[in-house]
Structure formats: structure tokens, C-alpha cells
Amino acid sequence: MDGRAGLAATPGALPYYVAFSQLLGLTVVATTGAWLGLYRGGIAWEGALQFNVHPLCVVIGLIFLQGDALLVYRVFRNEAKRTTKVLHGLLHVFALVIALVGVVAVFDYHRKKGYADLYSLHSWCGLLVLVLYFAQWLVGLSFFLFPGASFSLRSRYRPQHVFFGAAIFLLSVGTALLGLKEALLFKLGAKYSMFEAEGVLANVLGLLLVGFGVTVLYILTRSDWKRPPQAEEQALSMDFKTLTEGDSPGSQ
């Protein structure tokens, strides 16, 4: 009874929005697989199908898993802070690794075919996403998971970490939309304006990507849905601040 008394109540609508986001995210992955299977021949590491590894891996990694990583602190509201941090970091690792597989696949495919690299807006935005994503993960790991950063430094950096996390996710969704449009124009050309079945399915996929991105960002920006600090976390934070910076717990 005493252990349950300190648990923060879950906002009534939050589980429904989280469930809806997961339904959208899984539908995005499934629709991407359906598009590649029905109109692009499927996926394989060798031959012409190697290119298709790229969109599937990017959608799974930088869209679905990244979105879930951002939602960890909303979903796991009463678990130990360190456990939540580790899960948040691991999801980002899985997202990055899977996305890198997709990036390697497209570069290898271009090399074998003799195609140019990094000339399109999609590729420039994709490179920017990868650089920012890796930098964000490294800095977050250094500040929040491993000891060393001061309490005040963590506090000052946390808003930037949250902002850049949301911004990189939004940029990832936008880059995926650019890549989807680019792939359709390359293959369909003028037929794209004739409501070809592949174009319609890909447009639906684009709307699903937007829907998933908007839903995740809405959950993140609801201030009343933030994970409340637990009593023991507040006590530990004040003790840590006192030990490292000499502040008095009552000085605030």
C-alpha cells in the first residue's frame, strides 16, 4: 500500500494517445513493407532490391523507434529514473544502428550502379539527421547516463536536449517525405499525376508518417503529461547538488 501511494497518477487520455501513436507507427512500417513488396519487388542485400533496404530501415529506425524513444518518459512514469534513461538510450541505439544499415545499403547500391551520391535535398537532409542524431545521443549519454556532469549543467542542458530531440525527429519525418516523393518521381515520372496505384499508396504512407509525427509531438508537448519527479528522485537531486556544488537544499 505504501509503495503504491507515492506513484504518480497517469492522465486519463495519455494511454489512448500512446496506443494511437503505436497503431500509427506500426501501420507506417507495415505500409512501407507493403509498398516495397507490391511495387518495388521486395528487399534483398544484393541486386536491384538492395536499394529497398534503405527506406524500410530508415522508417523503422529514425521514425518508429526514434518516436518510441521520445515517448519513454511519458509511458514509464513510475519506474526508476535510471531504468527509464537506459531504455531511452537503448531505443536510440537500436534506431541508429538500423538506420545506418539502410544508409550503407543505399551507398553500396549507388556504388555498384555507378550513381552519384549526396546531390539531392533528401540526401543532404538525411546526412544532417544522422550527424545531429549521433551528436545528440553522445551528448545525452555523457550528461545524463554517466556521472560527471554537474547538477546545474544537466539542468541547463535538459531543455536543449528535449528541443533538439523533437527537432531531429521532425526533421527525420520531413526527410522521409522528401525521399518518398523522390522515389515516386524517379519511377513514375509523369504517371504520378495520373493517380497510379503506387502513387496513391505512397501518398497514404506519407499521410501516415505525418500523422505519427504529429501524434508523437503532441504527446511530448503536453506539459501536464510530463513524467513527474518522484519523491526519492527529488531528494537524490538535492543531495547530489549539495555534494557537488555546495548548495543548501533549502536555498532555492
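Below, each value reflects all heavy atoms present in this structure, side chains not excepted, and no hydrogens, waters or symmetry copies.
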Exercise. Ring centroid separation for Trp124 and Tyr119, is it under 6.0 angstrom?
Worked result: no
Exercise. Crowded around Lys187 NZ? As in, over 12 foreign heavy atoms under 6.0 Å?
Worked result: yes
Problem set entry | same_hphob_cluster(Leu201, Val210) at 4.5 Å side-chain heavy-atom cutoff | yes
For this session: Indicate yes or no for a side-chain donor-acceptor contact from Arg40 to the backbone of Leu49 under 3.5 Å, with no hydrogens or angles considered.
Result: no
Exercise. Is Val72 close to Arg227 at the side-chain level, that is, under 4.5 Å between some pair of heavy atoms?
Worked result: no
For this session: Rounded to the nearest 0.5 Å, what's the gap from CG on Leu208 to CG on Leu26? Could you check?
Result: 11.5 Å
Seminar exercise, completed: When rounded to the nearest 0.5 Å, the distance separating CG of Asp108 from CD of Gln50 is 4.5 Å
For this session: Tell me whether Leu23 is reachable from Val29 by hopping between hydrophobic residues (I, L, V, M, F, W, Y) whose side-chain heavy atoms are closer than 4.5 Å.
Result: no
Problem set entry | Neighbour count >12 (heavy atoms, 6.0 Å) for atom CZ, Phe94 | no
Problem set entry | Sub-4.5 Å side-chain heavy-atom contact between Ile219 and Thr215 | yes
Seminar exercise, completed: Rounding to 0.5 Å, atoms CD1 (Ile43) and SG (Cys57) come to a distance of 7.0 Å
For this session: To the nearest 0.5 angstrom, please state how far the CG atom of Leu209 sits from the OG atom of Ser172.
Result: 11.0 Å
Exercise. Is a salt bridge present between Glu198 and Lys191, judged by a nitrogen-to-oxygen distance below 4.0 Å?
Worked result: no
Exercise. Rounded to the nearest 0.5 Å, how far apart are OG1 of Thr175 and CG of Leu128?
Worked result: 7.5 Å
Problem set entry | Glu196 side chain near Leu184 side chain, heavy-atom distance below 4.5 Å | no
Problem set entry | Leu180-Leu38 co-clustered via ILVMFWY side chain contacts under 4.5 Å | yes
Exercise. Which value, rounded to the nearest 0.5 Å, describes the distance between Phe163 atom CZ and Gln136 atom CD?
Worked result: 10.5 Å
Exercise. Linking I/L/V/M/F/W/Y whenever their side-chain heavy atoms sit closer than 4.5 Å, directly or via other members, would Val93 and Leu100 fall into one cluster?
Worked result: yes
For this session: Indicate yes or no for a side-chain donor-acceptor contact from His161 to the backbone of Gly140 under 3.5 Å, with no hydrogens or angles considered.
Result: no
Problem set entry | Note, Tyr133 side chain near His92 side chain (heavy atom, < 4.5 Å) | yes
Exercise. Are Leu56 and Asn52 close enough, and set up right, to give a side chain to side chain contact (heavy atoms under 4.5 Å, CB included), and what steps lead you there?
Worked result: CA-CA 7 Å; Leu56 183 62; Asn52 296 342; over 6 Å; no
Exercise. Out of Leu178, Ile63, Leu217, which one pairs with Val173 under the side-chain contact (heavy atoms from CB on, under 4.5 Å) rule?
Worked result: Ile63
For this session: Compare all side-chain heavy atoms of His122 with those of Lys181 and state whether any distance is below 4.5 angstrom.
Result: no
Exercise. Does the pair Lys112/Glu46 count as a salt bridge with the N-to-O cut at 4.0 Å?
Worked result: yes
Problem set entry | Check: Ser21 and Leu71 side chains under 4.5 Å, non-hydrogen atoms | yes
For this session: Could you list all the ring pair (Phe, Tyr, Trp, His ring centres under 6.0 Å) pairs where at least one residue sits in residues 34-75, not counting sequence neighbours?
Result: Phe51-Tyr109, Tyr73-His88
Problem set entry | Short side-chain to backbone donor-acceptor contact, Thr83 and Glu79, under 3.5 Å | no
Exercise. Within a strict 4.5 Å, meaning less than it, do heavy atoms of the Leu14 and Arg222 side chains meet?
Worked result: no
Exercise. Would a 4.5 Å heavy-atom cut-off, applied to side chains only, mark Phe164 and Phe169 as touching?
Worked result: no
Exercise. Is it true that the side chains of Ser120 and Ser123 contain a donor and an acceptor less than 3.5 Å apart?
Worked result: yes
Problem set entry | same_hphob_cluster(Leu90, Leu62) at 4.5 Å side-chain heavy-atom cutoff | yes
For this session: Without swapping roles, check the side chain of Arg77 against the backbone of Pro228 for a donor-acceptor pair under 3.5 Å.
Result: no
